[in-house]
Peer 1: 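Before anything else, here's the structure in question.
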Number of protein chains: 2
Amino acid sequence: MSLDDLCFNAESGNNRGRMGRRRYDNDENQTFKSKNLEAERKRREKLSTRLLMLRSLVPIVTNMNKATIIDDAITYIKKLQEEVVSLTQELQEVEVTLEISKPKVDELVDAAEEMKKWGIQEEVQVTQMNGNKLWVKMIIENKRGTFRKLAESLDTCSIAMMDTNLTAIKGALVITTCIQGMDGEALEVHQIKQLLLEIVRAI
Amino acid sequence: MSLDDLCFNAESGNNRGRMGRRRYDNDENQTFKSKNLEAERKRREKLSTRLLMLRSLVPIVTNMNKATIIDDAITYIKKLQEEVVSLTQELQEVEVTLEISKPKVDELVDAAEEMKKWGIQEEVQVTQMNGNKLWVKMIIENKRGTFRKLAESLDTCSIAMMDTNLTAIKGALVITTCIQGMDGEALEVHQIKQLLLEIVRAI
DNA sequence: GATCACACGTGATTC
DNA sequence: TGAATCACGTGTGAT
């Protein structure tokens, strides 16, 4: 495949300046001199192929010119770079917001050891009350932000807490509360107990 | 500035195959034939300049070859494109996570109207207790996620809640709790009251 | 010495 | 016409 073919096959039929292979070897003694003629052809072909590849990657192409192809590629790369930078910044800002609640390892270990030392064990009790309300008693490790995360999770599940009592003692967090579905639907005891256990395990 | 100069000024002193401008105009009659000679020179110069611009944008350059410059640009563009896609996905996932706790307008209005209807007014009381503890009583609008956000804010300020009681009534949220600095430092009554007011206003 | 990469000048071609 | 773009073959320095 020659360069001419390549350029001719491009969708935009702009192929000005291209001519068929010009051979000077008329029937004179001027058969061929240079040995790297074929190699040079290969090189040109490769270069043009790459250029077309580049062009195919760039979404907006103002012209088929070699120069403008590269030009468009340059502006496109700049745009992509800016996009990456701004996206990274945005993501980092969001992650900083989320990282406020990072756990501290020492507190984490302290709470568990303290509870073990005092013989306190985690537990989750769920009891049916009148209406759609459930009564909940939980004893869990009192790590930093524990209750906040619990509140977050319940809120996500559209579960409201009422008459909540919250006490910290010996590395443990004792929570008693009434819960109720925000949207009015009934809560099932076993289901909620499993949910709470999952939430606590995730914290 | 000639092409040779350009390539010669590049940091890698690779200028193989470049020779000084070859003029065939020996003192023979072979002065000049082609009229677009200078224009062609300009064109080549422009093209090479763009190529160098492109090269300067690409971080990793394996070789100074024209072909490899374009090659590297191609792989770089692909990498950038993938990066943009993955970053966009990540950001969207995070934003979806954050959007779980979006406020519902109707609830928001309902809470305020309900409180007004029953003549309940927002209030924040802070009283000094023994040690570093403060006793807090708050009556605020009971919007969805209100308490979660309050817990978040206090956690951020390294303030722990103990013996918390939380009741929802008539669109209002009644909170009584003891608070204490997590790091042991004393909390000042007025300061905390201002802080709580700010938090409530922000919610 | 063979290969590679390059710039060069030039005729052809398109707008 | 005239300017712009192109592929081509070639000489040459570098590897």
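Model, not experiment: these values are computed from the prediction. Order of the sequence lines fixes the chain letters, A, B, ..., with proteins taken first and strands second; residue numbering starts at 1 for each chain.
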Peer 1: Flag the pair B/Arg41 and B/Glu38 as a salt bridge only when some basic side-chain nitrogen lies within less than 4.0 angstrom of an acidic carboxylate oxygen.
Peer 2: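 B/Glu38 and B/Arg41: salt-bridged.
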Peer 1: Check the distance between C/dA5's P and B/Arg44's CZ and give it to me in whole angstrom.
Peer 2: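 Spelled out: CZ on B/Arg44 to P on C/dA5 is 19 Å.
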Peer 1: Mind running side-chain contact (heavy atoms from CB on, under 4.5 Å) on A/Ile74 and B/Leu57 for me, showing each step along the way?
Peer 2: CA-CA 8 Å; A/Ile74 289 176; B/Leu57 279 181; 3.6 Å; yes
Peer 1: Could you check how far NZ of B/Lys42 sits from P of C/dG9, rounded to whole Å?
Peer 2: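 Going from NZ in B/Lys42 over to P in C/dG9 covers 14 Å.
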Peer 1: For the pair B/Asp71 and A/Arg50, evaluate side-chain contact (heavy atoms from CB on, under 4.5 Å) and give the outcome as yes or no after the intermediate values.
Peer 2: CA-CA 7 Å; B/Asp71 245 350; A/Arg50 303 301 161 89; 2.2 Å; yes
Peer 1: Under the rule for salt bridge (charged side-chain N to carboxylate O under 4.0 Å, His left out), what residues qualify as partners of B/Glu40, not counting sequence neighbours?
Peer 2: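 Per chain and number, B/Glu40 pairs via salt bridge (charged side-chain N to carboxylate O under 4.0 Å, His left out) with B/Arg43, B/Arg44.
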Peer 1: Which of the following nucleotides, C/dA7, D/dG9, D/dT5, is nearest to the side chain of B/Asn36?
Peer 2: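 Comparing C/dA7, D/dG9, D/dT5 against the side chain of B/Asn36, the answer is D/dT5.
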Peer 1: Within this structure, what is the CG-to-C1' distance between B/Leu47 and C/dC8, rounded to whole angstrom?
Peer 2: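 Checked: the CG to C1' distance equals 14 Å.
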Peer 1: Rounded to whole angstroms, how far apart are CG on B/Leu37 and P on D/dA4?
Peer 2: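 Roughly 15 Å, once rounded to whole Å.
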Peer 1: Take atom NZ of A/Lys46 and atom C1' of D/dA7, then tell me their distance rounded to the nearest Å.
Peer 2: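 It works out to 18 Å between those atoms.
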Peer 1: Establish, with yes or no, whether the OP1 or OP2 oxygen of D/dG9 is under 4.0 angstrom from a side-chain nitrogen or oxygen of A/Arg41.
Peer 2: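 Yes, A/Arg41 has a side-chain N/O under 4.0 Å of OP1/OP2 on D/dG9.
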Peer 1: Can you find a donor-acceptor N/O pair under 3.5 angstrom joining the side chain of A/Glu40 to the base of D/dC8?
Peer 2: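 No such pair is found, so the answer is no.
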Peer 1: Atom CG of B/Asn65 and atom P of D/dA14: how far apart are they, to the nearest Å?
Peer 2: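 It is 16 Å, rounded to the nearest whole Å.
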Peer 1: Please state how far atom CZ in B/Arg43 lies from atom C1' in C/dT10, giving the value in whole angstrom units.
Peer 2: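 Atom-to-atom, B/Arg43 to C/dT10, this comes out as 12 Å.
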Peer 1: Atom CE of B/Met64 and atom C1' of D/dA14: how far apart are they, to the nearest Å?
Peer 2: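 These atoms are roughly 14 Å apart.
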